[in-house]
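Being a predicted model, the structure only gives us computed values, none of them experimental. Each chain gets a letter, A, B and so on, in the order its sequence line appears, and its residues count up from 1.
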There are 2 protein chains.
Amino acid sequence: MKHNSENYRSNCPINFVLETFGDKWTLLIVRDLMFKSKQSYGEFLHSNEKISTNILADRLQKLEFAGVVIKEVDKKNKSKLLYFLTEKGKDLLPIMLEITAWSSKYDNKSNTPNRFIQALEEDKVGLSLNILEQIP
Amino acid sequence: MKHNSENYRSNCPINFVLETFGDKWTLLIVRDLMFKSKQSYGEFLHSNEKISTNILADRLQKLEFAGVVIKEVDKKNKSKLLYFLTEKGKDLLPIMLEITAWSSKYDNKSNTPNRFIQALEEDKVGLSLNILEQIP
DNA sequence: CTGTATCCTTAGGGATACTG
DNA sequence: CAGTATCCCTAAGGATACAG
């Protein structure tokens with residue numbers, strides 16, 4: 001695995017996030033951490049999109065390297081590892097909310113609960129994470 | 001070129017945007033249309049990130065197919081084609097703004113003008129597009 | 001269970017030539 | 001200028017086996 005943090009294609013802020021999240025998998029891991037309270041390798045592995053094990057390991061490393069995620073030993077089970085969002089990772093919340101809002105408007109198949117949409121409209125950002133656990 | 005609109009991996013709203021924008025190039029075209037007033041093939045081609053011609057043609061087709069962009073003949077020059085964001089495309093603005101805000105916080109190299117950041121903080125969404133032309 | 005490693009196929013993408 | 005087409009290489013990723 002390689003970390004390409006040095007050779008950015010430009011100094012554009014849009015490009016900056018693409019360097020880390022510009023693929024089909026990385027943001028799904030963030031979603032699982034942020035909205036689904038998943039925190040272990042196996043939980044990520046069994047998401048609907050069926051990420052394969054090598055890709056998952058690669059993306060977790062990249063997210064860790066990017067400072068979006070940290071890995072810790074489970075205090076209750078020393079042989080288990082848990083992943084957590086850092087502050088930098090949690091700060092992706094507004095982006096995730098806007099993405100959800102856009103999809104909810106334009107994808108008739110995306111089944112975001114209405115009560116979530118409503119909460120979104122009432123208080124665009126700064127939502128508590130609890131309400132988000134309802135997202136499919 | 002193929003359009004994979006049918007075989008979504010899931011009905012998740014996060015996944016929905018990844019199906020269209022989950023790569024390193026597509027969002028840069030949206031950026032050029034939204035923030036840089038670019039509207040022709042050649043203008044996209046000469047962005048800092050140096051997209052190659054085949055990729056650009058492919059992504060423009062996909063964006064058109066996704067209803068994010070429309071292509072029209074330039075009324076002043078019949079042999080010229082112009083691209084525009086649709087309403088669906090313009091609705092990506094809040095996502096783009098949140099992305100910019102996040103990058104500005106975490107990328108010391110991303111040179112977003114301070115006056116833009118300030119405007120962002122004062123009025124999180126619903127900005128006029130004019131102010132955004134200042135983004136590099 | 002949490003990963004690594006390997007094998008192999010496909011998709012992404014750079015370079016360049018070419019066409020209307 | 002606005003693309004298409006082709007060649008070719010590399011990166012992404014699926015499947016599966018294996019290890020701690």
Side-chain angles (χ1 to χ4, degrees), chain A residues 1-10 15 18-29 32-33 38-66 69-84, chain B residues 1-10 15 18-29 32-33 38-66 69-84:
Chain A
M1 179 213 162
K2 65 175 202 308
H3 302 293
N4 64 338
S5 58
E6 54 296 325
N7 52 350
Y8 285 167
R9 299 178 296 177
S10 75
N15 182 64
L18 291 177
E19 301 281 352
T20 303
F21 302 100
D23 76 294
K24 293 239 185 295
W25 295 109
T26 306
L27 216 55
L28 296 179
I29 299 173
D32 286 350
L33 283 161
K38 296 186 180 181
Q39 42 185 14
S40 70
Y41 193 91
E43 288 174 313
F44 303 135
L45 206 57
H46 296 114
S47 294
N48 287 336
E49 295 85 4
K50 303 294 175 209
I51 191 170
S52 63
T53 171
N54 53 343
I55 303 299
L56 175 58
D58 177 78
R59 296 309 135 86
L60 282 172
Q61 275 191 44
K62 282 182 176 160
L63 283 172
E64 207 182 346
F65 185 79
V69 150
I70 48 168
K71 181 166 54 174
E72 285 180 9
V73 177
D74 187 357
K75 291 180 177 64
K76 289 159 185 164
N77 180 355
K78 293 285 202 145
S79 67
K80 192 173 188 181
L81 291 169
L82 298 179
Y83 295 85
F84 301 92
Chain B
M1 175 211 166
K2 65 176 203 307
H3 302 294
N4 64 339
S5 59
E6 54 295 326
N7 52 349
Y8 286 168
R9 299 177 296 177
S10 75
N15 182 64
L18 290 178
E19 300 281 350
T20 303
F21 301 101
D23 76 295
K24 293 238 185 297
W25 296 108
T26 306
L27 216 55
L28 296 179
I29 300 174
D32 286 349
L33 283 160
K38 295 187 181 182
Q39 40 186 15
S40 70
Y41 193 91
E43 288 174 314
F44 303 135
L45 206 56
H46 297 114
S47 294
N48 286 335
E49 294 85 4
K50 303 294 174 208
I51 190 170
S52 61
T53 171
N54 53 344
I55 303 300
L56 175 57
D58 178 77
R59 296 308 135 85
L60 282 172
Q61 274 191 45
K62 283 182 175 161
L63 283 172
E64 208 183 346
F65 185 79
V69 149
I70 48 167
K71 181 166 55 175
E72 285 179 10
V73 177
D74 187 357
K75 290 179 178 63
K76 289 159 184 164
N77 179 355
K78 293 284 201 147
S79 67
K80 192 173 189 182
L81 291 168
L82 298 178
Y83 294 85
F84 301 92

Between [X] (side chain only) and [Y] (backbone N and O only), is there a donor and an acceptor less than 3.5 Å apart?
X	Y	result
A:Glu43	A:Leu33	no
A:Tyr41	A:Thr53	yes
A:Arg9	B:Lys24	yes

- Message: Can you give me the bend angle of the helix from C:dC1-D:dG20 to C:dG20-D:dC1? Use the axis through the first five pairs and the one through the last five, nearest 10 degrees.
- Response: 40°

Would you mind reading off the distance between [X] atom [atom1] and [N] atom [atom2], rounded to a whole angstrom?
X	N	atom1	atom2	result
B:Lys24	C:dG13	NZ	P	8 Å
B:Leu63	D:dG3	CG	C1'	16 Å
A:Ile55	C:dT9	CD1	P	17 Å
A:Arg9	C:dG14	CZ	C1'	13 Å
A:Ile51	D:dA12	CD1	P	13 Å
A:Leu18	C:dG13	CG	P	11 Å
B:Glu49	C:dG13	CD	P	13 Å
B:Leu56	D:dG3	CG	C1'	9 Å

- Task: Please check if atom NZ in A:Lys78 has more than 12 non-hydrogen atoms from other residues, nucleotides or ligands closer than 6.0 Å.
- Result: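 Result for NZ/A:Lys78: open.
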
- Near B:Lys50 NZ, under 6.0 Å, is it more than 12 heavy atoms from other residues, nucleotides or ligands? yes

- Would you say C:dG12 has OP1 or OP2 under 4.0 Å from some side-chain N or O of B:Arg59? no

- Do any side-chain nitrogens or oxygens of A:Trp25 fall under 4.0 Å of OP1 or OP2 in D:dA12?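 Answer no for this pair, as no side-chain N or O of A:Trp25 is under 4.0 Å from OP1 or OP2.
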
Kindly indicate whether the side chain of [X], heavy atoms from C-beta on, has any atom under 4.5 Å from the side chain of [Y].
X	Y	value
A:Leu28	A:Ile51	no
B:Asn15	A:Glu49	yes
A:Tyr83	A:Ile29	no

- Protein-proximity profile, nucleotides 1-7 of chain C, B/S/- by nucleotide at the 4.0 Å heavy-atom cutoff, equals -SBBBB-

- Item | Minimum heavy-atom distance between A:Leu45 and A:Ser52, given as atom pair plus value | CD1-C, 4.2 Å

